[in-house]
Amino acid sequence: MTAAENVCYTLINVPMDSEPPSEISLKNDLEKGDVKSKTEALKKVIIMILNGEKLPGLLMTIIRFVLPLQDHTIKKLLLVFWEIVPKTTPDGRLLHEMILVCDAYRKDLQHPNEFIRGSTLRFLCKLKEAELLEPLMPAIRACLEHRHSYVRRNAVLAIYTIYRNFEHLIPDAPELIHDFLVNEKDASCKRNAFMMLIHADQDRALDYLSTCIDQVQTFGDILQLVIVELIYKVCHANPSERARFIRCIYNLLQSSSPAVKYEAAGTLVTLSSAPTAIKAAAQCYIDLIIKESDNNVKLIVLDRLIELKEHPAHERVLQDLVMDILRVLSTPDLEVRKKTLQLALDLVSSRNVEELVIVLKKEVIKTNNVSEHEDTDKYRQLLVRTLHSCSVRFPDMAANVIPVLMEFLSDNNEAAAADVLEFVREAIQRFDNLRMLIVEKMLEVFHAIKSVKIYRGALWILGEYCSTKEDIQSVMTEVRRSLGEIPIVESEIKKEAGELKPEEEISVGPVQKLVTEMGTYATQSALSSSRPTKKEEERPPLRGFLLDGDFFVAASLATTLTKIALRYVALVQEKKKQNSFVAEAMLLMATILHLGKSSLPKKPITDDDVDRISLCLKVLSECSPLMNDIFNKECRQSLSHMLSAKLEEEKLSQKKESEKRNVTVQPDDPISFMQLTAKNEMNCKEDQFQLSLLAAMGNTQRKEAADPLASKLNKVTQLTGFSDPVYAEAYVHVNQYDIVLDVLVVNQTSDTLQNCTLELATLGDLKLVEKPSPLTLAPHDFANIKANVKVASTENGIIFGNIVYDVSGAASDRNCVVLSDIHIDIMDYIQPATCTDAEFRQMWAEFEWENKVTVNTNIIDLNDYLQHILKSTNMKCLTPEKALSGYCGFMAANLYARSIFGEDALANVSIEKPIQQGPEAPVTGHIRIRAKSQGMALSLGDKINLSQKKTSI
């Protein structure tokens with residue numbers, strides 16, 4: 001095992017600018033200096049030994065002049081020194097000087113000061129030499145009866161490590177610790193003793209637990225945690241023991257410690273799948289989420305609840321707890337609320353949907369009353385979407401939900417109002433019985449709508465679904481009210497002219513004399529201060545949109561007026577009324593066209609909008625049956641097609657989810673009976689403690705590791721040439737936010753290389769955690785050096801550096817070998833993700849960094865090229881399969897991915913097949929990438945550029 005891989009218990013900060021002292025000066029300080037200079041000298045000796053220096057001449061000096069001192073700082077430093085100093089001769093025998101050290105530590109173990117006793121016992125845990133420990137055993141045993149708990153708990157740890165490493169030194173350790181545990185009162189000592197029994201003699205640990213199983217609730221939380229671990233391990237290894245301990249786990253769910261409750265709930269779920277057990281564990285998780293203030297804890301526990309839901313048998317139990325889960329919505333954090341709503345939506349059933357909708361309606365109303373917080377709007381959107389999904393799945397609920405939600409059409413936040421509008425559009429199309437109610441509510445809130453986008457949508461709904469004469473008249477009234485006085489151009493000119501001559505129209509109010517800050521008089525009349533605000537207040541909404549130059553809403557209005565006019569003609573038989581209504585609609589369109597061509601709006605009307613309004617005028621003047629069909633039937637049919645396609649897609653995704661969760665059992669699968677199964681065959685479930693330990697160390701076994709292409713060899717980077725004096729190659733292991741470089745260094749010369757140091761530097765958002773320590777390499781020897789790098793964001797990082805070394809016996813300067821660059825691949829951090837079309841468009845508008853990549857490939861099929869890009873960038877295609885199917889010579893698709901740091905990456909692929917160049921012509925086009933950070937956009941662009949030239953296999 002190399003020095004870099006040795007277990008390290010003590011980390012010491014080394015100042016980089018200090019000059020290494022000579023051995024003679026250190027010896028002098030240790031012999032003749034005062035306590036302070038001896039302390040400083042001892043620190044320098046420790047640092048030098050850690051850096052690979054061999055200082056055998058100082059060993060006796062320290063034993064003679066430093067070891068007898070009673071100063072606590074020196075005693076503490078000596079513990080570090082004895083841990084790291086070589087204690088054996090080259091042939092593996094113990095140095096004679098260590099006998100003197102052993103005697104000194106025997107005295108320290110009998111020292112009246114409990115700190116010295118305890119720290120000495122901690123040091124003994126790290127000793128690996130049985131000859132040194134043997135004379136100390138009686139003193140270590142005696143420490144178990146010391147009056148202070150610090151000494152006793154460290155004595156237990158010392159006995160445990162000695163028993164584990166050298167059982168012959170203390171063969172009766174389990175019995176000794178069991179007797180100690182029975183009589184011990186201190187919680188930390190009991191915890192250490194119990195932990196030792198779990199690992200050293202599980203039967204004794206179980207015997208002890210059986211005697212005090214009823215008092216477990218009164219124990220300290222640290223001991224309770226160890227008891228949970230023991231029960232888990234015993235029941236995992238021997239399932240027949242479950243019945244014996246399950247009551248104890250139930251009791252621990254009532255513990256006052258959140259950590260114990262969390263572990264007990266997790267253990268209970270693995271021990272029993274009975275509905276009562278699942279309910280108790282889920283209830284415990286919910287209480288933890290509500291009571292814990294840390295959002296990270298809330299998210300972790302929520303994940304455990306979601307895991308529970310994934311099991312088909314547990315889902316029904318959790319459905320009864322939906323109302324308890326919704327209590328978590330009191331948390332202000334948006335991420336927690338998002339997960340909670342998603343979980344509640346997954347668990348909703350016909351039994352609890354009514355209660356769920358009542359709670360969500362209350363939450364929606366609450367968001368209207370709270371002071372505006374940056375997340376309030378997003379939370380309102382989440383609630384609206386959840387209610388939307390509930391209403392689609394349970395149509396009976398729609399009538400209760402719609403009146404509350406339609407109040408939000410007049411909301412200042414356009415995104416929340418757009419979600420409501422989308423919901424209303426779907427509801428009015430699907431539920432015929434609600435059409436009257438929706439139209440009535442829409443007419444009520446119509447005048448209060450503030451956003452032009454929502455206004456357009458509301459106009460469309462009213463134009464499409466107003467079917468009675470009264471409703472059509474009401475729509476026309478609302479439009480006239482929203483448009484103000486017509487003709488618009490003449491009334492606006494009159495108003496402007498009126499403002500220029502105020503004395504003709506308005507009498508000036510009484511003049512007030514005001515005193516300014518300067519002390520002078522100022523006059524103020526009622527006319528000058530109130531007129532501009534009055535003008536702003538008086539302008540109706542639709543008139544305001546048109547004067548701001550937004551004529552797209554005018555095109556939408558023209559379509560709506562045409563629809564209701566054609567419908568009115570069909571409903572009313574009187575020719576006079578028909579002509580009057582159609583003429584009014586045409587007048588409104590004509591006055592808008594006139595306004596668009598005038599100089600009054602901020603922006604002139606576009607040609608497209610002119611064409612649309614002119615077409616509508618023509619349709620109304622001719623009233624042909626074909627146009628009537630197109631306006632009043634075809635539009636609604638296209639909406640119906642879109643909604644049914646969307647519903648079909650949702651059903652398909654739900655079916656896939658349920659198929660994933662359903663556990664299929666083959667007819668010839670063996671049935672395992674717990675009572676008949678041998679102990680060693682019960683390893684069907686992994687040990688959760690072992691898995692979490694592996695995950696923390698970054699050693700999780702990945703499924704794709706079986707693929708030879710994904711083996712470790714693929715991630716080995718050659719750093720130097722084969723003819724260089726030092727050959728180096730690195731294996732790059734990426735574990736979420738950490739990168740571990742395992743560098744193999746080979747001395748290819750016949751000389752000994754001293755102070756061989758790997759010097760690294762980083763480019764990009766990477767940070768080197770520690771500087772690798774120097775090594776000494778014998779001729780043709782090799783060693784492994786490990787370096788840790790932290791990653792802060794998703795972009796292509798580069799690690800570069802060199803290896804410097806001294807040749808033993810040579811007088812020349814230090815030698816240097818420059819290393820090749822190591823490129824960190826962005827794909828290790830990017831994962832496919834999904835988002836709605838609205839979210840995609842919003843992010844596309846917000847993100848400021850765009851990278852346009854020109855397609856340069858030899859792939860000739862559009863779909864093959866798209867699949868190749870998806871595979872090489874880890875992105876997910878948001879465009880539905882149906883939209884991409886078929887062949888028309890061009891393709892447009894939206895891609896989305898998210899990094900493990902929470903950064904979003906968007907891409908739009910616009911590609912075509914140049915047919916004029918023949919069937920073998922490659923795909924052409926562009927890929928536009930957008931991201932919040934420059935690094936992400938550029939790195940993804942580079943990745944696409946590198947990978948698109950490969951042929952599709």
Side-chain angles (χ1 to χ4, degrees), residues 357-358 360-369 377 380-381 383-385 387-388 391 395-485 537-546 553 556-557 559-561 563-565 567-568 571 581 584-585 588 636 639:
V357 166
I358 291 167
L360 294 180
K361 274 164 64 179
K362 282 181 185 170
E363 285 293 317
V364 170
I365 294 161
K366 258 193 242 173
T367 62
N368 213 16
N369 301 333
D377 292 341
R380 194 179 300 151
Q381 269 181 274
L383 289 167
V384 168
R385 284 178 192 168
L387 282 167
H388 182 172
S391 303
D396 300 348
M397 292 295 113
N400 298 335
V401 173
I402 285 165
V404 178
L405 290 187
M406 284 186 76
E407 298 294 332
F408 290 97
L409 284 175
S410 56
D411 200 74
N412 286 322
N413 175 24
E414 190 181 284
D419 278 338
V420 174
L421 194 71
E422 196 179 313
F423 171 36
V424 169
R425 186 186 68 184
E426 191 167 344
I428 202 167
Q429 171 64 22
R430 282 208 180 145
F431 314 129
D432 294 349
N433 56 328
L434 296 177
R435 281 183 188 169
M436 295 292 289
L437 170 74
I438 294 173
V439 169
E440 188 187 321
K441 278 301 275 183
M442 186 69 85
L443 287 166
E444 274 177 36
V445 298
F446 187 72
H447 68 280
I449 294 173
K450 300 179 182 73
S451 161
V452 66
K453 187 179 167 188
I454 307 306
Y455 202 93
R456 285 201 314 266
L459 271 174
W460 189 90
I461 288 171
L462 287 172
E464 193 63 52
Y465 294 99
C466 283
S467 49
T468 64
K469 189 169 72 171
E470 291 76 18
D471 283 344
I472 291 170
Q473 288 283 11
S474 303
V475 173
M476 183 58 95
T477 310
E478 283 296 336
V479 168
R480 287 296 297 265
R481 179 181 168 190
S482 187
L483 203 53
E485 190 186 339
E537 283 169 16
E538 277 180 0
R539 184 179 281 177
L542 185 52
R543 196 188 195 96
F545 299 145
L546 295 175
V553 73
S556 182
L557 173 66
T559 310
T560 299
L561 288 173
K563 283 179 186 175
I564 60 171
R567 211 170 290 139
Y568 189 83
L571 286 169
F581 193 90
E584 190 177 358
L588 291 178
R636 197 176 298 188
L639 171 68

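Given the structure is predicted, the values throughout are model-derived calculations rather than measurements.
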Problem set entry | Thr560 OG1 to Glu464 CD distance, which is reported to the nearest 0.5 Å | 9.0 Å
Exercise. Any side-chain heavy atom of Val479 sitting closer than 4.5 Å to one from Leu459?
Worked result: yes
Exercise. Quick one: do the Glu422 and His388 side chains pair a donor with an acceptor below 3.5 Å?
Worked result: no
Expected list for residues 436-448: side-chain donor-acceptor pairs under 3.5 angstrom, two or more places apart:
residue : atom : partner : partner atom : Å
Lys441  : NZ   : Glu407  : OE2          : 3.0
His447  : ND1  : Glu444  : O            : 3.2

For this session: Kindly say whether Leu588 contributes a backbone atom to a donor-acceptor pair with the side chain of Arg480 at under 3.5 angstrom?
Result: no
Problem set entry | Residue pair Glu584 / Leu561, side-chain heavy-atom distance below 4.5 Å | no
Problem set entry | Lys361 atom NZ, neighbour heavy-atom count above 12 within 6.0 Å | yes
Problem set entry | Note, Ile461 side chain near Leu421 side chain (heavy atom, < 4.5 Å) | yes
Problem set entry | Value rounded to 0.5 Å, distance of NZ in Lys469 from CZ in Phe581 | 11.5 Å
For this session: Heavy atoms only: give me the nearest Leu571-Ser467 pair and the separation to one decimal.
Result: CD1-O, 3.1 Å
Exercise. Between atom CG of Asp396 and atom OG of Ser391, what is the distance when rounded to the nearest 0.5 Å?
Worked result: 10.0 Å
Exercise. How many angstroms lie between atom OG1 of Thr559 and atom NZ of Lys563, to the nearest 0.5 angstrom?
Worked result: 6.5 Å
Problem set entry | Nearest atoms (heavy-atom pairs only) where Ile449 meets Ala458 | CD1-CB, 3.7 Å
Exercise. Taking atom OG1 of Thr468 and atom CZ of Arg567, what is their separation to the nearest 0.5 Å?
Worked result: 10.0 Å
For this session: Quick one: pull up OH in Tyr465 and CD in Gln429 and give me the separation to the nearest 0.5 Å.
Result: 3.5 Å
For this session: Would you confirm whether Arg456, through its side chain, and Val553, through its main-chain N or O, come within 3.5 Å as a donor-acceptor pair?
Result: no
Seminar exercise, completed: What one should report as the nearest heavy-atom pair of Ile564 and Leu462 is CG2-O, 4.5 Å
Exercise. Can you check side chain to side chain contact (heavy atoms under 4.5 Å, CB included) on Leu434 and Ile428, steps first, answer last?
Worked result: CA-CA 7 Å; Leu434 296 177; Ile428 202 167; over 6 Å; no
